[in-house]
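Here the structure is laid out as C-alpha cells; the discussion comes afterwards.
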Number of protein chains: 2
Amino acid sequence: MAQRSTFRRKGRATIIDVGRVAGVSDATVSRALNRPETVSQTTRERIHAAIAETGYVPNPLAKAMVSGRTHTVGALVPTLDHAIFSKFLHALETELSAQSYNLVVAVTEGDNTLELEKAKKLLSMGVEGLIVSGLSHNGELLELAERAAVSLVATSYYEPGASLPTIGYDNEVAAKLALAHLTGLGHRNIAVIHGPVSSNDRTQSRLKGLHDAGNDIDLHFIQTSLDYRGGGEALLQWDRSMTAILCLSDVLAMGALFKLQADGIQVPHDVSLMGFDNMDPSEFLTPPLTSLKLPIEDMGKATAKAVCDHLQSGEPIASIELHTQLAVRDSTAPVGK
Amino acid sequence: MAQRSTFRRKGRATIIDVGRVAGVSDATVSRALNRPETVSQTTRERIHAAIAETGYVPNPLAKAMVSGRTHTVGALVPTLDHAIFSKFLHALETELSAQSYNLVVAVTEGDNTLELEKAKKLLSMGVEGLIVSGLSHNGELLELAERAAVSLVATSYYEPGASLPTIGYDNEVAAKLALAHLTGLGHRNIAVIHGPVSSNDRTQSRLKGLHDAGNDIDLHFIQTSLDYRGGGEALLQWDRSMTAILCLSDVLAMGALFKLQADGIQVPHDVSLMGFDNMDPSEFLTPPLTSLKLPIEDMGKATAKAVCDHLQSGEPIASIELHTQLAVRDSTAPVGK
DNA sequence: TCCGCTAATGTAGACGTCTACATTTTCGCG
DNA sequence: CGCGAAAATGTAGACGTCTACATTAGCGGA
C-alpha cells in the first residue's frame, strides 16, 4: 500500500509512471504491452516489474479514445422480466461476447419516449451498434442513430421494406400458421386472447394476420393484461360455444390453462388451447401445450452476428428472416373429439 | 448530405469544426453546450446553427476520458434465461437508469473462469462498479477489481463477514423457514429436490440450512437438472412414504407439479408440494403453490442504490440484508389431511 | 576498425473535449 | 469620454494512450 508520489498523479498510475520506474519512455511501455516482440527481452522484464510495482492498469477510456472503439453494443428491450426477451438477450450476449463485444441493456417499458431517452444515453456512452425491438419507434430515433453514425437493427420482426434492417420472423404469417392449425382441426368458433395492443407492434401484427381469416371462421378477440392473471381473467369472456382458444403468448395460455384446471374444464376434451411463443414450461404442462415456436435464440445469435459482421466489414446490415414452426402437442384436438 | 471538407476530418465533425463554422473557438462551443448561461445569446445561436450544419455529435469517448467517468455499471449473472436473474436485472436497470447509469450485462454460465474473463472485459471497457452473483469467485477477481479501483458487490446473498459487501438474503435461514413450514404441518419424511450443487453456492447454502433439521426429520435429497424437466424426473426417486416435497426452486416445483398432475397424483391430498423463489406463475397454479418469497426486485433496487450512492459519495458499500417470507398457498397441507 | 543494416527505443503529436487562466469586449456610470 | 468591473471569449495545456517517424545502439562482415 506504499503511496509513492513518484508515480501517482491522480490516484492511478499511468503508462508514463511505469516508464519512469522502468527507465524507459511511455512508447516502449505501450509497445511492450501491445506488441511485445518489438521490445527486447530485458526491457520487457523491467517493464513488467515496474507494472507490478506501480499497480498499473491501462486506462480503458484513453484506449477507447485513441482507437475510436468501445466494443460495445446496446440493446433496447421492452422488458427483461419476460422469458422471450431474456432468452433473446442471453443468446445475444453469448454471441457478442464470443466476438469480444460487450452488451449494454436498457429497458423501455414499451414506451417510445423512454426508448428514445435511453437510446440517447446508450449513444452518449459510445455504443457502436443499437438493437431495438419491433418497428414502431419515435421518429427521432433513426435520425439520432444516423447522426451518431451508429447502425440500428430491429428484431422480433421481419419486414424487408422497413426503414431499418430487421432480423426476425413474420408475425402475420406466424399468426396465420397458428390459426390454420386450429381450423385444420375443424374449429370454427375461436377465442383469441391477446395482450394490450397499444405500444406492442408484435401483437398488432399477429392480430392483423388473423383478421382475414375467412368467412366461415368466427374469431372472438379478448384483450387482457399480458401476464398469468390476464390469461385466467380473459376466460370470463369465453363460453363453450368457442371450441378453441388461441392465446398470442404462452404466458396467457398458461394463465388460461391454470384457470381451466381450477374450474375443472378438461383440455383438450372440453376446449382446445393453443399458445404462442413456445416457452420452456409449455411442453411439460398437463396437457402439453400446443404452441408456435419462435426462433428466439437463433434471433439472438443472428442479430449478434449481423452486428459484429457489420462493424467489422462496414457493409450495411441485411434483413434476415427466421422461420416459425408449429409445436403440436396434446392441448389441441379435433373439434368433435 | 453535402460533404464539406472544411469541417470533416475523419468522417465526423468535431467541436473544433463547429467552432470554425460559427467563427468561435472550441472552448466557446464547449461552454455553449455545457454551461449555456456563460455564452452570449447571439453566439449561442450561431453555434447551434453551426452544430446543425455540421451534424456535430459530441464524442462520448473524449468526454469520458476527460471526465474520467463512464456512468456505466457492470453486472455478472450466471444466466439471463431464468426469471430470477432477469427480474433482478430488470429492477437493477430501472433504478440505475433513473440515476443516469448504464448497465452492461455479462453471462457467466456459473463458471468462475468465464466469470473472471468477462469481468476483465467489463473492467477494460471502463465500468465504474461491478455486481456479481453469489460469493464463490475466482480469487483473482477481487484483486483485479481492486487494482482497477472498481468496487465490487455480491448479491443473492447476505453475509456480513464476507470479503466483499453483500446485498441479499440469508439462504440458510430461508431454507430453514421453508422446512419449518412443512414440519409445522406435521411432515416428517420429506423429499428435497434441488439443482446441481457444484458452482451454485446459493443451492449449497440452502442445503446447508436444511442439514441440521433435527433427528425426527427424514430428508431425502434428490439432485436433478435445474429446469422443468428436472423437476419431473426427480419424482422417479420419490415414493408416497415422503408426504411432502420441498423444491429449492419454483421451476423444479412446477416441473414436479406438472408431472404429478400427469400421473394423477393429487396435490396436496396425496403429497404436499412446496417451492422456493415465488415466481410469477406460482400463485396461479392449480393448486396455487406454497413457496418462499425472495425479495428479488428489492434486491435489484437496493443494489443499484448502493452502487450509485457509493459512486457519488466514495463511501464503501455496506452489506444489506433483505428478508424472505413464506407465501403459504394451497399446495401444502397437514400431513393427515 | 569501420560500414551498414537491423533491432530497439525515443520523440512528438494526434485523438476530442474540457477548464483554469488570460485576454478582450461590453457597458454602466461618474 | 474614459474608468473599471463584469461579461464574453480565446489560449493553452491536460487527460492517457497510441503510432509514424526519427534516432540510437548493436552487431556482423569485410
Side-chain angles (χ1 to χ4, degrees), chain A residues 7-48 50-51 54-71 123-126 128 147-149, chain B residues 7-48 50-51 54-71 123-126 128 147-149:
Chain A
F7 52 78
R8 295 226 159 204
R9 186 177 292 266
K10 225 173 76 189
R12 300 271 299 275
T14 75
I15 205 172
I16 298 182
D17 300 321
V18 174
R20 183 153 45 236
V21 171
V24 296
S25 74
D26 62 331
T28 303
V29 178
S30 174
R31 274 187 294 257
L33 258 32
N34 300 316
R35 281 150 47 213
E37 72 282 3
T38 66
V39 167
S40 77
Q41 173 75 23
T42 53
T43 311
R44 229 182 304 152
E45 280 164 9
R46 231 162 353 111
I47 288 176
H48 282 117
I51 287 176
T54 54
Y56 167 74
V57 175
N59 180 327
L61 299 153
K63 222 172 215 168
M65 153 119 202
V66 69
S67 71
R69 309 219 38 189
T70 57
H71 278 274
L123 291 173
S124 79
M125 75 165 278
E128 296 184 28
R147 273 218 311 270
Chain B
F7 52 79
R8 295 226 158 203
R9 186 178 291 268
K10 224 174 75 188
R12 300 269 301 274
T14 75
I15 205 172
I16 298 181
D17 299 321
V18 174
R20 183 153 46 235
V21 170
V24 296
S25 75
D26 62 331
T28 303
V29 178
S30 175
R31 274 188 292 258
L33 259 32
N34 301 315
R35 281 151 46 215
E37 71 281 5
T38 66
V39 167
S40 77
Q41 173 74 24
T42 54
T43 311
R44 229 183 303 152
E45 280 165 8
R46 230 162 353 111
I47 288 176
H48 281 117
I51 287 176
T54 55
Y56 167 73
V57 174
N59 181 328
L61 298 151
K63 221 173 216 167
M65 153 121 201
V66 67
S67 71
R69 308 216 42 186
T70 57
H71 279 273
L123 291 173
S124 79
M125 75 165 278
E128 297 183 27
R147 273 217 311 270

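Every value quoted in this text rests on a predicted model; they were computed, and no experiment measured them. Here is the naming used below: chain letters follow the sequence lines, and residue numbers restart at 1 for every chain.
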Out of dC15(D), dG10(D), dT17(D), which has the shortest distance to the side chain of V66(B)? dC15(D)
S30(B) (side chain) donor-acceptor with D26(B) (main chain) under 3.5 angstrom: no
Side chain R31(B), main chain V39(B), donor-acceptor under 3.5 Å: no
Atom CG of L61(A) and atom P of dC18(C): how far apart are they, to the nearest Å? 14 Å
Under 4.0 Å between a side-chain N or O of T28(A) and OP1 or OP2 of dG10(C)? yes
Distance in angstrom units between R31(A) CZ and dA20(D) C1', rounded: 10 Å
Within the structure shown, what part of the strands sits under 4.0 Å from S40(B) by heavy-atom distance: base, sugar-phosphate, or nothing? sugar-phosphate
Return the value, rounded to whole Å, for the distance between atom CD1 of I15(B) and atom P of dC15(C). 15 Å
By the 4.0 Å heavy-atom rule, please label N34(B) as base, sugar-phosphate, or nothing. sugar-phosphate
Rounded interatomic separation in angstrom, taking CD from E37(B) and P from dA7(D): 12 Å
Atom CG of D17(A) and atom C1' of dT17(D) are separated, to the nearest Å, by 13 Å
Is there a donor-acceptor pair under 3.5 Å between the side chain of T54(A) and the backbone N or O of A13(A)? no
Rounded to whole angstrom units, what separation is found between the CD1 atom of I16(B) and the C1' atom of dC15(C)? 10 Å
